A.B. asks: 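Below is a structure I'd like to ask you about.
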2 protein chains.
Amino acid sequence: MPRQSRTKNAPMPKDRSPTRIQKKNRAAILEAALEVFSAHGFRGATVDQIATEAGLSKPNLLYYFPSKEAIFTALLSELLDTWLDPLRALDPDGEPLEEMLAYVQRKLQMSQDFPRESRLFANEIVQGAPRMLEALSTDLKDLVEEKATVIDGWMSAGKLKPSHPKHLIFSIWSLTQHYADFDVQVRTLMGKEDPFDAAPAFLDTFYRRMLTPA
Amino acid sequence: MPRQSRTKNAPMPKDRSPTRIQKKNRAAILEAALEVFSAHGFRGATVDQIATEAGLSKPNLLYYFPSKEAIFTALLSELLDTWLDPLRALDPDGEPLEEMLAYVQRKLQMSQDFPRESRLFANEIVQGAPRMLEALSTDLKDLVEEKATVIDGWMSAGKLKPSHPKHLIFSIWSLTQHYADFDVQVRTLMGKEDPFDAAPAFLDTFYRRMLTPA
DNA sequence: GTCGGATTTGACCAACTGGTCAAAGTCAAG
DNA sequence: CTTGACTTTGACCAGTTGGTCAAATCCGAC
């Protein structure tokens with residue numbers, strides 16, 4: 001891998017107001033990058049693949065992002081926010097059981113609608129999250145801490161059957177993202193039946209039994 | 001990537017009874033391959049890395065396995081069997097609830113004891129399982145079909161609260177493997193507390209509430 | 001229409017990677 | 001201690017890949 005010189009070289013689009021072309025191409029690149037990175041992981045993806053998928057030549061792509069790494073991190077930070085929206089929407093003032101069940105369904109819906117995003121994160125985290133640790137230990141950690149406290153409050157108030165709030169959150173991520181991340185496996189084993197047909201009811205039942213107070 | 005000629009070339013160890021050295025080196029290679037492939041995925045791993053980790057030179061390693069691909073598939077097929085043991089051990093004649101709970105704990109134990117194996121499979125499946133589809137749709141599918149039927153029987157007999165057997169099995173895989181596959185994330189969010197301290201009780205509670213008949 | 005900045009690209013490059021080969025070193029059975 | 005099979009390795013090779021550069025082309029504001 002050639003070391004990055006970044007001394008002279010092309011000007012690279014100013015961070016002034018992006019032109020029409022810049023907006024279009026950056027979007028195309030990120031969309032292509034999502035497609036390719038989610039399917040092959042960071043190392044398995046090639047810049048050429050992404051460029052072709054985006055309808056650009058490789059040097060042209062490198063004109064918009066200085067490196068493969070830069071594309072990847074731009075993509076991650078663009079998506080992480082959206083990815084956490086369902087949890088952010090958990091309302092401390094709502095009805096506890098319904099809030100939890102709604103969260104589960106929102107998260108499941110995300111897996112169905114955005115499987116590539118799910119797999120992008122899965123790929124990265126399984127391999128030790130070398131490019132995400134920062135975000136995990138700040139943004140995500142704060143959010144989880146906050147919502148775990150809310151859930152803990154609900155349990156103490158007898159609104160939810162008690163259990164370990166953080167493990168509960170992990171379980172929701174795990175169960176919902178499984179349908180996106182392990183899609184091939186799940187579909188292979190389900191045969192003709194679409195996993196997403198029965199999944200919503202299954203998870204609703206699961207968490208209702210788990211959380212409905214006595 | 002140079003095309004594979006495999007016409008003439010080294011004799012490659014006979015499939016006769018392996019010598020002492022062959023046994024040692026093959027084992028070292030597979031152990032090294034597990035370490036490297038599970039951490040970086042197939043494409044992210046290099047033959048050099050595996051060779052170094054195994055304490056061999058690259059050509060020496062290539063003397064025992066004809067290609068990177070061959071190492072990988074040898075590893076997969078060696079591990080898949082063990083990986084499915086916990087499910088295989090589900091006893092149709094046992095006490096249903098206890099059988100299910102015991103299965104969950106066995107699977108969780110596997111994630112704790114063999115996280116690299118879990119991540120190896122996770123990496124492969126997230127990327128579409130190009131080298132595992134065969135095994136998934138035969139061995140695994142048969143096993144799941146069989147055990148799902150057993151579980152269905154238990155539910156019909158009122159021994160377990162009813163739900164979707166296959167989704168139930170997926171949920172067990174998902175929840176237990178999550179602790180291995182997403183280890184970095186889970187540990188980051190749990191802070192000092194070891195996830196595996198509370199996980200057994202959490203999952204026991206979870207499935208007890210889910211499955212205990214009325 | 002023209003002009004300067006924004007875009008695009010063909011030709012390259014160096015590092016990396018999977019794999020090959022012939023020669024050299026080792027080992028164990030006779 | 002020989003000898004033939006088993007192991008090991010240094011030197012290579014070709015294809016891939018991330019990234020660079022100078023020159024050419026395009027575009028929109030004046």
Side-chain angles (χ1 to χ4, degrees), chain A residues 1-29 32-33 36-37 40-75 131, chain B residues 1-29 32-33 36-37 40-75 131:
Chain A
M1 196 189 308
R3 51 216 78 317
Q4 200 123 337
S5 56
R6 179 75 24 225
T7 33
K8 33 199 169 181
N9 192 17
M12 187 188 312
K14 309 291 187 189
D15 40 357
R16 315 250 184 239
S17 50
T19 69
R20 169 181 61 87
I21 294 181
Q22 271 171 44
K23 216 175 290 186
K24 177 172 67 82
N25 281 346
R26 275 181 184 270
I29 291 170
V36 176
F37 281 133
H40 305 289
F42 180 77
R43 230 196 125 209
T46 75
V47 176
D48 256 322
Q49 248 179 120
I50 299 173
T52 301
E53 179 87 20
L56 300 173
S57 66
K58 184 168 57 160
N60 199 179
L61 183 154
L62 274 290
Y63 168 71
Y64 290 97
F65 290 88
S67 69
K68 182 184 179 183
E69 184 94 25
I71 304 173
F72 192 75
T73 56
L75 187 59
R131 302 165 194 86
Chain B
M1 193 191 310
R3 56 212 90 316
Q4 199 122 340
S5 55
R6 178 79 17 233
T7 33
K8 34 200 168 182
N9 192 17
M12 186 187 316
K14 308 293 187 188
D15 40 354
R16 316 247 184 240
S17 49
T19 69
R20 169 181 60 87
I21 295 180
Q22 271 172 43
K23 217 175 288 187
K24 177 173 66 83
N25 281 347
R26 274 181 184 270
I29 291 170
V36 176
F37 281 134
H40 305 289
F42 180 77
R43 251 214 103 189
T46 75
V47 177
D48 257 321
Q49 249 178 116
I50 299 173
T52 301
E53 179 85 20
L56 300 174
S57 66
K58 185 168 57 159
N60 199 179
L61 182 155
L62 274 290
Y63 168 71
Y64 289 98
F65 289 88
S67 68
K68 182 184 179 183
E69 184 92 24
I71 305 173
F72 192 75
T73 55
L75 188 60
R131 301 166 194 85

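So you know, we letter chains A, B, ... as the sequences are listed, proteins then strands, and number each from 1. Computed from a predicted structure; not experimentally measured.
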A.B. asks: D:dT7 C1' sits how many Å from B:Leu62 CG, rounded?
C.D. replies: 14 Å
A.B. asks: Nearest to the side chain of A:Asn25 - C:dT8, D:dT7, D:dG10?
C.D. replies: C:dT8
A.B. asks: Tell me the bend of the helix from C:dG1-D:dC30 to C:dG30-D:dC1 as the angle between end helix axes, each from five pairs, rounded to the nearest 10 degrees.
C.D. replies: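 That helix has its two terminal axes inclined by roughly 10°.
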A.B. asks: Provide the closest heavy-atom pair for B:Arg43 versus B:Lys68 in the form atom of the first, atom of the second, distance.
C.D. replies: O-NZ, 3.8 Å
A.B. asks: So, OP1 or OP2 of C:dA28: does either fall under 4.0 Å of a side-chain N or O from B:Arg20?
C.D. replies: yes
A.B. asks: Atom NZ of A:Lys23 and atom P of D:dC27: how far apart are they, to the nearest Å?
C.D. replies: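 Computing the A:Lys23:NZ to D:dC27:P distance gives 18 Å.
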A.B. asks: Do any side-chain nitrogens or oxygens of B:Tyr63 fall under 4.0 Å of OP1 or OP2 in D:dT7?
C.D. replies: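 Yes, within the criterion.
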A.B. asks: In whole angstrom, what separates B:His40's NE2 from C:dT17's C1'?
C.D. replies: 15 Å
A.B. asks: Under 4.0 Å between a side-chain N/O of A:Arg43 and OP1 or OP2 of C:dC16, yes or no?
C.D. replies: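 For C:dC16, neither OP1 nor OP2 has a side-chain N or O of A:Arg43 closer than 4.0 Å.
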A.B. asks: Less than 4.0 angstrom between a side-chain N/O of B:Thr19 and OP1 or OP2 of C:dC27, yes or no?
C.D. replies: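 The answer is no; no side-chain N or O of B:Thr19 sits under 4.0 Å from OP1 or OP2.
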A.B. asks: Mind listing the side-chain donor-acceptor pairs of residues 47-57 of chain B below 3.5 Å, one per line with the distance, residues two or more places apart or on another chain?
C.D. replies:
unit_1	atom_1	unit_2	atom_2	d
B:Gln49	OE1	B:His40	NE2	3.4
B:Gln49	NE2	B:Thr46	OG1	3.4
B:Thr52	OG1	B:Asp48	O	3.0
B:Ser57	OG	B:Asn60	N	3.3

A.B. asks: Does D:dT8 have OP1 or OP2 sitting under 4.0 Å from an N or O in the side chain of B:Tyr64?
C.D. replies: yes
A.B. asks: Are A:Gln22 and C:dT7 close enough that a side-chain N or O sits under 4.0 Å from OP1 or OP2?
C.D. replies: yes
A.B. asks: Select from A:Ile21 and B:Glu69 the residue whose nearest nucleotide in DNA chain C is closer to the 5' end of that strand.
C.D. replies: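 Closer to the 5' end of DNA chain C: A:Ile21.
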A.B. asks: Give the minimum heavy-atom separation between B:Ala74 and B:Phe65, together with the two atoms involved.
C.D. replies: CB-CE2, 3.8 Å
A.B. asks: To the nearest Å, give me how far apart NZ (B:Lys24) and P (D:dC6) are.
C.D. replies: 17 Å
A.B. asks: Specify the residues of residues 44-57 of chain A, ordered by number, for which at least one heavy atom lies under 4.0 angstrom from an atom of DNA chain D.
C.D. replies: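 The answer is A:Ala45, A:Thr46, A:Val47.
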A.B. asks: Once you measure the plane-to-plane angle for B:Phe37 and B:Phe42, does it fall in the parallel (<30°), tilted (30-60°) or perpendicular (>60°) bin?
C.D. replies: parallel
A.B. asks: Would you mind reading off the distance between A:Lys58 atom NZ and C:dC12 atom C1', rounded to a whole angstrom?
C.D. replies: 10 Å
A.B. asks: Looking at CD1 of B:Ile29 and OH of B:Tyr64, how far apart are the two atoms once the value is rounded to the nearest 0.5 Å?
C.D. replies: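 Output value for this atom pair is 7.0 Å.
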A.B. asks: Check the distance between D:dT7's C1' and B:Leu61's CG and give it to me in whole angstrom.
C.D. replies: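 Computing the B:Leu61:CG to D:dT7:C1' distance gives 13 Å.
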A.B. asks: Looking at B:Asn60, does any N or O in its side chain come under 4.0 Å of the phosphate oxygens OP1/OP2 on D:dT9?
C.D. replies: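 Affirmative; the distance criterion is met.
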